[in-house]
Amino acid sequence: MLTRLLRKLDVTKDPDAILRLFSATAVLSMVIILSLAGLGFREALLRYVVSDAEHHAASVSSAILAEERDNIVASAAGGSSQLNVSAQDIPRLDRHLRRFLAPFNIVKIKIYSLDCRIIYSTEAKIIGLYNRENARLHHALAGMVDSKLEKKEEVHDLAGEQRFRADVVETYIPIRDNAGKLIGSFEIYQDVTGTWLQFKNAIAMLIGVLLLILLLVFGVSFLMVQRVTRSIKEMQKAIREQAITDPLTGIANKREILHSAEKEFSRAFRRWEKGAADPEVGFIMLDVDRFKEVNDGYGHLAGDLLLKEISGRISGSLRVFDAVGRFGGDEFLVVLPGCNLSQTRQVAEKIRTLTRERPFILEGHELRVTVSLGISTARKGDTEYTEAIKRADEGLYLAKSGGRDQTGG
């Protein structure tokens, strides 16, 4: 899958795609890690809070049974036991349980008989009601402890004070008689708002620490990937420059200058087809006069230095959007976008004059060199850029055969 994605991004053409992919992956990874970690921390601490509240509720229920067993457990026919609280005993039981439960942060308590009837509650108005649809109560009446954290919009504690948005653990505790037989259930509401808030703050702090660690890890990794990406870009740039640059002169090679010629020829004709003036793009073919004599008299190294100097002078004579390239040997091609024949001739004469009037210093020797040039422009009848270049080459031939150091075409 990653391989297919890399192919789709085409990182060979755009190394920055690696950096973008890494950044997106890092962000997605951090979101997933932090989300899963947050959920994991929350679940672990939630279980602890519920488990602790459940243990607390079991202790409270055992203490209540030890204190009030004789008042809430009655003998039934056949020697069995059942839960029962007489109406006259409810006020006394209520006062006693409220005093007993006050230190334990319990906000409500219910006692159910085996038939799901509420025989006592700190909420007096529900005493005597049945709760047969309560699945959690049935779990307790089957002998299982059932605890769950609930968010209550408001509750009243045993002192009658109202609490808003409280976190309450509701725990159902089975009640057994002395013989171990199930006879009912407690339902104990314990307010854990303070504890759960502390844990949630701890979770936020843990997530914050984890975020800093991830930012550090991915930040260092990002810098490493960025360095690799920069190296790839520099390598690609070097390869690209080698592919389009003449190694001797540093200007465009033949392939690249012909590409420029084709591009400008096509652009000129697109403008003409849209109603612009005649297609204007000029071409200059340039050749160093008696270059073989320089090589023979001063050596090939001197000849190479001369070609570098001449290419530099040509480049210095052009606009920033013009193009020059080494066509081969001591021959150069210049492409002049937006130039008609007269303007092309002016540029050619500028190059010829600049070459002839300033001597070259080669191997400590002052050498005067001239060039011959041929010019042409694109014509409406041309179908290929090569036709215009051929005319410039013919102009160069006329200049050479006509005595050199001149512009033909």
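What you see is a predicted model, and the numbers here were worked out from it, not measured in a lab.
Counting only heavy atoms from C-beta outward, the side chains of Cys116 and His138 approach each other to under 4.5 Å. A heavy-atom distance below 4.5 Å is not found between the side chains of Phe265 and Val335. Two residues are said to be in side-chain contact when any heavy atoms from C-beta on lie closer than 4.5 Å; Leu215 and Met30 meet this criterion. With a 4.5 Å cut-off on side-chain heavy atoms, Val288 and Leu306 count as touching. You'll find the side chain of Met285 reaches within 4.5 Å of the side chain of Glu331, heavy atoms only. Residues Arg319 and Leu336 have side chains in contact (heavy-atom distance under 4.5 Å, counting atoms from C-beta outward). Side-chain contact between Val27 and Phe218 is absent, with no heavy atoms from C-beta onward closer than 4.5 Å. Contact check for Leu101 versus Ile64: side-chain heavy atoms found under the 4.5 Å cut-off.
Look at Glu154 and Arg163 and you find no salt bridge, because none of the NZ, NE, NH1 or NH2 atoms lies under 4.0 Å from a carboxylate O. A salt bridge does not link Arg379 to Asp382: none of the charged nitrogens lies less than 4.0 Å from a carboxylate oxygen. Between Asp191 and Lys108 there is no salt bridge, since none of the side-chain N atoms of the basic residue sits less than 4.0 Å from a carboxylate O of the acidic one. A salt bridge links Glu264 with Arg267: at least one charged nitrogen is closer than 4.0 Å to a carboxylate oxygen. With respect to Glu273 and Arg270, no salt bridge is recorded, no charged nitrogen being found less than 4.0 Å from a carboxylate O. Salt-bridge check for Arg47 with Glu43: passed, with a basic side-chain N closer than 4.0 Å to an acidic carboxylate O. Salt bridge absent: Arg20 and Asp16 never bring a charged side-chain N and a carboxylate O closer than 4.0 Å. Salt bridge status for Lys151 with Glu153: absent, with no side-chain N to carboxylate O gap under 4.0 Å.
Between Tyr112 and Asn134, the side chains place no donor N or O within less than 3.5 Å of an acceptor N or O (distance only, hydrogens not considered). Side-chain polar atoms of Glu349 and Thr407 form a donor-acceptor pair below 3.5 angstrom. If you check the side chains of Thr383 and Glu387, you find a donor sitting under 3.5 Å from an acceptor. Side-chain atoms of Asp289 and Ser372 include a donor-acceptor pair closer than 3.5 Å. A donor and an acceptor atom, one from each side chain of Asp115 and Ser113, are located under 3.5 Å apart.
Taking a 6.0 Å sphere around NZ of Lys200, one finds it holds more than 12 heavy atoms contributed by other residues, nucleotides or ligands. Surrounding CE of Met224 are at most 12 heavy atoms belonging to other residues, nucleotides or ligands under 6.0 Å away. More than 12 heavy atoms of other residues, nucleotides or ligands lie within 6.0 Å of CZ in Phe100, so this atom counts as buried by the packing criterion. A 6.0 Å sphere centred on CZ of Arg356 holds more than 12 heavy atoms belonging to other residues, nucleotides or ligands. Summarising the local packing, CZ of Arg271 is surrounded by 12 or fewer heavy atoms from other residues, nucleotides or ligands at distances under 6.0 Å.
Side-chain atoms of Arg117 never come within 3.5 Å of backbone atoms of Gly128 as a donor-acceptor pair (strictly under, hydrogens ignored). Put simply, the side chain of Arg368 never gets that close to the backbone of Thr355: no donor and acceptor are under 3.5 Å apart.
A distance of 5.5 Å separates OG of Ser185 from CG of Leu137, quoted to the nearest 0.5 Å. Once rounded to the nearest 0.5 Å, the distance linking CD1 of Ile119 with CD of Gln82 reads 9.0 Å. Atoms CG and CD1, from Leu354 and Ile314 in turn, are 9.5 Å apart once rounded to the nearest 0.5 Å. Separating the CZ atom in Phe283 from the OG1 atom in Thr377 is a distance of 8.5 Å, to the nearest 0.5 Å. Atom NZ of Lys274 and atom CZ of Phe269 lie 15.0 Å apart (nearest 0.5 Å). To the nearest 0.5 Å, atoms CG (Leu83) and CG (Leu65) are separated by 8.0 Å.
Closest approach of Arg326 and Phe332 over heavy atoms only: CA-CD2, 4.0 Å. Minimum interatomic distance between Ala166 and Val155 (heavy atoms only, all atoms of both residues): CB-CG2, 4.0 Å.
With Phe199 as the aromatic partner, Arg42 does not meet the cation-pi criteria of under 6.0 angstrom to the ring centre and within 45 degrees of the ring axis. For the pair Arg132 and Tyr130, the cation sits on the ring face: its NZ or CZ lies under 6.0 Å from the ring centre, inside 45° of the axis.
With sequence neighbours left out, Phe222 forms a ring pair (Phe, Tyr, Trp, His ring centres under 6.0 Å) with no residue at all.
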Can you check side chain to side chain contact (heavy atoms under 4.5 Å, CB included) on Lys152 and Glu170, steps first, answer last? CA-CA 11 Å; Lys152 301 292 185 181; Glu170 300 176 3; 2.7 Å; yes

Test log, rule side chain to side chain contact (heavy atoms under 4.5 Å, CB included), inputs Asn178 and Ser81: CA-CA 9 Å; Asn178 290 329; Ser81 301; over 6 Å; no

Assess whether side chain to side chain donor-acceptor pair (under 3.5 Å) is satisfied between Ser147 and Thr171, documenting all intermediate values. CA-CA 4 Å; Ser147 298; Thr171 304; 3.1 Å; yes

Side chain to side chain contact (heavy atoms under 4.5 Å, CB included) between Arg95 and Arg99, intermediate numbers included: CA-CA 6 Å; Arg95 288 192 302 272; Arg99 286 196 306 270; 3.9 Å; yes

Using salt bridge (charged side-chain N to carboxylate O under 4.0 Å, His left out), reason through Asp304 and Lys308 one step at a time and then give a plain yes or no. CA-CA 6 Å; Asp304 290 344; Lys308 290 181 182 180; over 6 Å; no

Please walk me through it: do Glu309 and Arg358 pass salt bridge (charged side-chain N to carboxylate O under 4.0 Å, His left out)? CA-CA 11 Å; Glu309 287 288 331; Arg358 287 175 50 195; over 6 Å; no

Give the intermediate values and the outcome of side chain to side chain contact (heavy atoms under 4.5 Å, CB included) for residues Leu93 and Asn71. CA-CA 8 Å; Leu93 178 63; Asn71 297 313; 5.5 Å; no

Yes or no on ring pair (Phe, Tyr, Trp, His ring centres under 6.0 Å) for His139 and Tyr172, after CA distance, side-chain angles and deciding distance? CA-CA 8 Å; His139 289 164; Tyr172 290 84; 9.0 Å; no

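Sequence neighbours left out, the pairs with a member in residues 64-76 that pass salt bridge (charged side-chain N to carboxylate O under 4.0 Å, His left out) are Glu68-Arg92.
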